[in-house]
Amino acid sequence: MKHLILILTFLLAGAALNGCEQPLEGPPIRIGYMNCNSVEETMQRFRPLTAYLEQKLGRPCEAIPVDTQDLESRFAAGEFDFVHGNSLLYIILKENHDLQLIATEKRGQFGSYTAGAIIVRRDSQIQSLEDLRGKRMIFGPQLAPTGYLAQYDLMLKAGFDPDRELDYYALPRGAFKHEKVIYGVYFGDYDVAAAPVLDLEIMTREGKISADDFRILAQSETIPYCTFGAAKTVDQGLAEKFRKVLLDLTPEATVEIDGQRLKVLDAAWIDGFEALLDQDYDPIRVMAKRVNMPPYQEF
Amino acid sequence: MLRDRFDQLMIASLVVVLLFAAVLLAGAGPGENNRAASVMNRQLEREMLYQARVAFIERHYSPVVALRNSGALQEALLKLEELGRTLPGAAHNDLMSGDILLRMGHFDRALTKLAAAVRRNADYVDPASPLSQRPLVESAVSEGLPLVRDRLRSQPDSRSLAQVVKDGYYLQSRLAGGCE
């Protein structure tokens, strides 16, 4: 009987200790998250992931929303230990500030990869890139790898100079830029648009558009999607732990935020993470050089 | 009692009729008939189910097949996204995605999608099934698995690549006749 009580006591104590949260120690880890649409949306998406990282790393973590255009200067000023941004920003920070590759986000049909497409309405007379001469085009934001870079590069490779040969082109303002681009063509404000394939996929899945609404004139090769990186000053051990937490994340992982238990990946609109190699990003480097974009821009 | 010849004849006739009836009942009894009918019914039901399935797939997926065959692979994938709204979790959605991703050269994604399709519906690897897609699955395994395995060798800590290799082995085993 005594032995039984002793065993039960040990089991209960073990369970209680297991249930306790790991105490957080050390200075906070600052994680910069590129805003896609708004600060509120970024925080809503990434607060659960940040809280999860905090639990797993045993260090306080701080989520910092950051505008795409400001990301490089704020990173250079040492504001972030880790950053999450698009794959062109990864190249810029890698080339200019020795960013370490941590993990690539998976979302949609191509997993950790995605592509850019040049689309027209299904009933458009435009049949090829040649037909774009003198037409009105709308691109995504300028630092978007699959909303601007990939499409601009597609046209240059086809011998079509968008700067000279289009009637004019525009870039949308404010939030939901990729959706604005797609709707811009759908409602006839523009003849042609530079649409990320992932956004076409998500909008179709959500019933916002139909697969029959558009024709794809051209599509880029697939390139890595949004990426986590670490500053060169981050300790290798911490960077490895951070990577492992991300790669081990499953759709079942949850965290408590404001009294609600949330699924970490669902909340962040992410399917998972993958360990890509730096060389997997080379096609983006080639595109950026051809399009004369940062970090290779020459004047 | 049975001295009368007529009585004897009647009794003998009765015995013959009874024996004949017994033979009929025992030899070609209704149980056998029922079993045969039930087997036939099952075969018929199965056949009807297959035909209904094939017709259903043709009706819903023919636009995807047409886009795929015309080389509009991305549009075909988008059409599948649209179908996913009305047919969520359909095995054929995964199968078609796997087919298109394979044509696009995304071997890892193709293997994952095809493994998901076969897990949901083993007919895709059954050579006798009208839904069989063995050549597609065989080419995904023969083309994709060595590439993914090579990549895993250079990145042994990649869990997602390890999972794709597992999916590839699963398909290989199903093609070889292995069970779940």
Side-chain angles (χ1 to χ4, degrees), chain A residues 101 103-120 122 146 182 195-223 240 243-250 271-280, chain B residues 60-68 70-89 93-94 96-114 116 144 148 150-165 167:
Chain A
L101 176 60
T104 313
E105 182 182 324
K106 288 198 282 187
R107 195 176 176 201
Q109 288 276 15
F110 301 120
S112 52
Y113 285 79
T114 185
I118 298 176
I119 59 165
V120 292
R122 173 78 55 189
T146 57
I182 292 164
V197 164
L198 182 61
D199 287 78
L200 289 172
E201 187 183 317
I202 292 166
M203 287 173 76
T204 307
R205 197 183 308 148
E206 291 175 348
K208 290 177 177 169
I209 55 171
S210 160
D212 300 325
D213 291 337
F214 303 100
R215 248 185 309 116
I216 293 173
L217 283 188
Q219 184 164 321
S220 73
E221 64 180 300
T222 53
I223 52 177
E240 274 311 314
R243 186 203 316 272
K244 189 169 180 336
V245 173
L246 291 179
L247 296 181
D248 287 351
L249 249 175
T250 63
D271 296 339
F273 287 94
E274 191 156 355
L276 293 189
L277 304 171
D278 179 66
Q279 72 217 43
D280 294 323
Chain B
H60 287 280
Y61 290 90
S62 57
V64 180
V65 172
L67 286 166
R68 182 200 66 188
S70 70
L73 299 180
Q74 187 59 54
E75 277 107 324
L77 280 179
L78 292 175
K79 197 75 194 162
L80 282 173
E81 288 293 339
E82 198 167 275
L83 278 173
R85 286 173 60 79
T86 45
L87 305 170
N93 235 336
D94 284 330
M96 290 298 301
S97 295
D99 178 355
I100 294 162
L101 288 164
L102 184 67
R103 286 163 196 253
M104 289 174 124
H106 289 273
F107 298 107
D108 52 341
R109 302 294 294 172
L111 285 170
T112 300
K113 288 284 183 185
L114 291 174
V148 182
D150 284 350
R151 174 122 194 185
L152 182 62
R153 269 189 214 112
S154 65
Q155 281 180 273
D157 58 341
S158 171
R159 279 178 58 151
S160 51
L161 280 175
Q163 184 54 50
V164 177
V165 169
D167 286 337

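Everything numeric here is computed off the predicted structure, so don't read it as measured data. Computed over heavy atoms, backbone and side chain alike; hydrogens, waters and symmetry mates excluded. By convention in this document, chain letters (A, B, ...) are assigned in the order of the sequence lines, proteins followed by strands, and residues within each chain are numbered from 1.
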Relative to chain B, which segment of Arg122(A) carries a heavy atom at a distance below 4.5 Å: side chain, backbone, both, or neither? side chain
Is Lys244(A) close to chain B through its backbone or its side chain, or both, or neither, when contacts mean heavy atoms under 4.5 Å? neither
Quick one: do Asp280(A) and Arg151(B) make a salt bridge, cutoff under 4.0 Å? yes
With heavy-atom distances below 4.5 Å as the criterion, would you say the side chains of Leu198(A) and Thr146(A) are in contact? no
Report yes if the side chains of Tyr61(B) and Leu87(B) come closer than 4.5 Å at any heavy-atom pair, otherwise no. yes
Under 4.5 Å from any heavy atom of chain B - which part of Glu274(A): both
Would you say Glu81(B) and Thr204(A) are linked by a side-chain donor-acceptor pair, where the criterion is simply a distance under 3.5 Å? no
Go through the atoms of Glu82(B) and report whether side chain, backbone, both or neither lie under 4.5 Å from a heavy atom of chain A. both
Please classify the contact between Leu277(A) and chain B as side chain, backbone, both or neither, with a heavy-atom cut-off of under 4.5 Å. both
Structural part of Ser210(A) lying under 4.5 Å from a heavy atom of chain B: both
Test log, rule side-chain contact (heavy atoms from CB on, under 4.5 Å), inputs Val120(A) and Phe214(A): CA-CA 6 Å; Val120(A) 292; Phe214(A) 303 100; over 6 Å; no
Residue among Leu247(A), Ile202(A), Asp212(A) with most heavy-atom pairs under 4.5 Å to chain B: Asp212(A)
I'd like to check Phe110(A) versus Val197(A) (side-chain heavy atoms, cut-off strictly below 4.5 Å). Are they in contact? yes
Considering all heavy atoms of both residues, which atom of Gly108(A) and which atom of Arg205(A) are nearest to each other, and what is their separation? CA-NH2, 4.4 Å
Most chain A-contacting option - heavy-atom pairs closer than 4.5 Å, from Leu83(B), Leu77(B), Leu80(B): Leu77(B)
With a 4.5 angstrom heavy-atom cut-off, which part of Leu276(A) approaches chain B: side chain, backbone, both or neither? both
